[in-house]
Amino acid sequence: CLILLPTSSFVPLKDVIADRRLYLPIVGLILIALEFLRRWKASTRTLAATLATVSLVFAVWTYNRSHVWSSAVTLWEDAAQKAPNKQRVQFGVAVAYFQANRCREAADRFARAAAIQKPDYMVLMDWGMAYDCNNQHDLAMEKMNESIALHPSAQAWANVALLELKQGQMEQPLAALDKAQALDPAYINTYVYRGMLQMALGKYPQAQANLEQALAIDSTNPAAIEGMKKLQAAMSAPAR
């Protein structure tokens, strides 16, 4: 109990129950079990049979539980079955669906999370990207604007630029990217998206400068690397 005090009494928790908080306290339970075994006056054969049975039961439970941990989707779905009225769990399911490209289900789960508790700016922003993934572009922009109204962020403004670019707009995204850069000059997607946009506009020097800035922030960023490859191919292509 004393080991649990710092994390389960004084510090506010988002999750009332979480199995990871038992990792240290369970040592005490193991020692108690060992003490009972030490005092148990059973024959060696009986003791071995008992321990083998217990080990087999726990092995089966562990094997069955491993199926739940086989993917983010199955893990969060299991959590949602056990805590259907917890927003954080529904948000986790939604993100897992989005990452698995199950866009419609992701949008539905974000809506369910929002119905449980008023969504914060991160939930709204991710909800908007799920709508975009499901080709519901108007709803995507609506949620992105709601996110910005709650908390303007470089990520949200960069996402607005991306949504505008996907809708064929070529000038508006630049204004959104300028706002993103003003909020956080180190946010890498600002430069990636601007570089890709300027490349589409045929402004190769400006595109190169932005993609180089993105790579200066993170030289391993896949989008920046791919963008630079496309730019180099475009610049080396013979003029028509």
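Keep in mind it's a predicted model, so treat the numbers as computed, not measured. The first residue of the sequence shown is numbered 1, and numbering continues consecutively from there.
Here the CE-CE distance, from Met199 to Met228, works out to 9.5 Å after rounding to the nearest 0.5 Å. Arg112 contributes atom CZ, which lies 10.5 Å from atom CD of Glu105 (distance to the nearest 0.5 angstrom). The structure places CG of Leu163 at 6.5 Å from CG of Asn159, a figure rounded to the nearest 0.5 Å. Between the CD1 atom in Ile148 and the CD atom in Glu146 there is a gap of 11.0 Å [rounded to 0.5 Å]. Atoms OH and CD, on Tyr187 and Gln155 in that order, are 4.0 Å from each other to the nearest 0.5 Å. Separating the CG atom in Leu139 from the CG atom in Asp132 is a distance of 11.0 Å, to the nearest 0.5 Å.
Put simply, the side chain of Leu177 does not reach to within 4.5 Å of the side chain of Trp157, judged on heavy atoms. Contact of the Trp69 side chain with the Ser66 side chain is not registered, since no non-hydrogen atoms from C-beta on lie closer than 4.5 Å. Ser153 places none of its side-chain heavy atoms less than 4.5 Å from the side chain of Asp184. Looking at Tyr193 and Gln198, their side chains never come closer than 4.5 Å, going by heavy atoms from C-beta outward. Two residues are said to be in side-chain contact when any heavy atoms from C-beta on lie closer than 4.5 Å; Tyr97 and Arg109 meet this criterion. Inter-residue side-chain proximity for Asn210 and Thr190 is flagged as unmet; no heavy-atom pair is nearer than 4.5 Å.
Counted within 6.0 Å of CG on Asn64, heavy atoms from surrounding residues, nucleotides or ligands total more than 12; the atom is thus considered enclosed.
Residues Ile30 and Trp61 are members of separate hydrophobic clusters, defined by side-chain heavy-atom contacts under 4.5 angstrom among Ile, Leu, Val, Met, Phe, Trp and Tyr. Residues Val95 and Ile116 fall into different hydrophobic clusters, defined by Ile, Leu, Val, Met, Phe, Trp and Tyr side chains chained together at heavy-atom separations under 4.5 Å. Connection of Val57 to Val54 is established within a shared hydrophobic cluster, with ILVMFWY side chains joined at heavy-atom distances below 4.5 Å, either directly or through further cluster members. A continuous path of ILVMFWY side-chain contacts below 4.5 Å connects Leu34 to Trp40, so both sit in one hydrophobic cluster. Linking Ile, Leu, Val, Met, Phe, Trp and Tyr whenever their side-chain heavy atoms come within less than 4.5 Å puts Tyr131 and Phe91 in one cluster.
Nearest heavy-atom pair across Gln90 and Pro84 is NE2-O, 3.0 Å. Between Phe98 and Met129, the closest heavy-atom pair is CE1-O, 3.5 Å. Between Leu165 and Pro173, the shortest heavy-atom distance links the atoms N-CG, 3.9 Å. Of all heavy-atom pairs spanning Ala79 and Val89, the tightest one is C-CG1, 3.5 Å. Taking all atoms of both residues into account, the shortest heavy-atom contact from Ala214 to Ile188 is O-CD1, 3.2 Å. Across every non-hydrogen atom of Met196 and Gly227, the tightest pair is SD-CA, 3.6 Å.
Distance alone, capped at 3.5 Å, is enough to place a donor-acceptor pair between the Asp120 side chain and the Val123 backbone. Of the possible donor and acceptor atoms, one in the side chain of Asn145 sits under 3.5 Å from a partner among the backbone N and O of Met141. Within the 3.5 Å criterion, the main-chain N or O of Pro185 finds a donor-acceptor partner in the side chain of Tyr191. For Asp78 (side chain) and Thr74 (main-chain N/O), no donor-acceptor pair under 3.5 Å exists by modelled atom type. With Asn221 contributing its side chain and Ala223 its backbone, the two residues share a donor-acceptor pair below 3.5 Å. A donor-acceptor contact shorter than 3.5 Å links the side chain of Gln87 to the backbone of Gln117.
The aromatic rings of Phe110 and Trp127 lie parallel to each other, with less than 30° between the two planes, well short of the 60° mark.
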Report the C-alpha separation of Asp126 and Lys143 in whole Å, then their side-chain angles, then the decisive distance to 0.1 Å, and conclude whether the salt bridge (charged side-chain N to carboxylate O under 4.0 Å, His left out) test is met. CA-CA 9 Å; Asp126 290 341; Lys143 294 305 173 187; over 6 Å; no
Derivation of the side chain to side chain contact (heavy atoms under 4.5 Å, CB included) call for Arg102 and Val73: CA-CA 10 Å; Arg102 294 166 62 173; Val73 169; 3.5 Å; yes
Go through Arg194 and Gln206 one step at a time and tell me if the side-chain hydrogen bond (donor to acceptor under 3.5 Å, both in side chains) criterion holds. CA-CA 9 Å; Arg194 188 186 284 133; Gln206 295 93 324; over 6 Å; no
Walk me through whether Gln208 and Glu212 qualify under side-chain hydrogen bond (donor to acceptor under 3.5 Å, both in side chains). CA-CA 6 Å; Gln208 182 174 357; Glu212 287 177 348; 3.0 Å; yes
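Ion pairing of Arg104 with Asp108 is present here, as a side-chain N (NZ or NE/NH1/NH2) and a carboxylate O approach within less than 4.0 Å. Ionic pairing of Arg39 and Glu35 is present here: one or more N-O contacts between side-chain nitrogen and carboxylate oxygen are shorter than 4.0 angstrom.
Thr53 and Thr50 share no side-chain donor-acceptor pair at under 3.5 Å.
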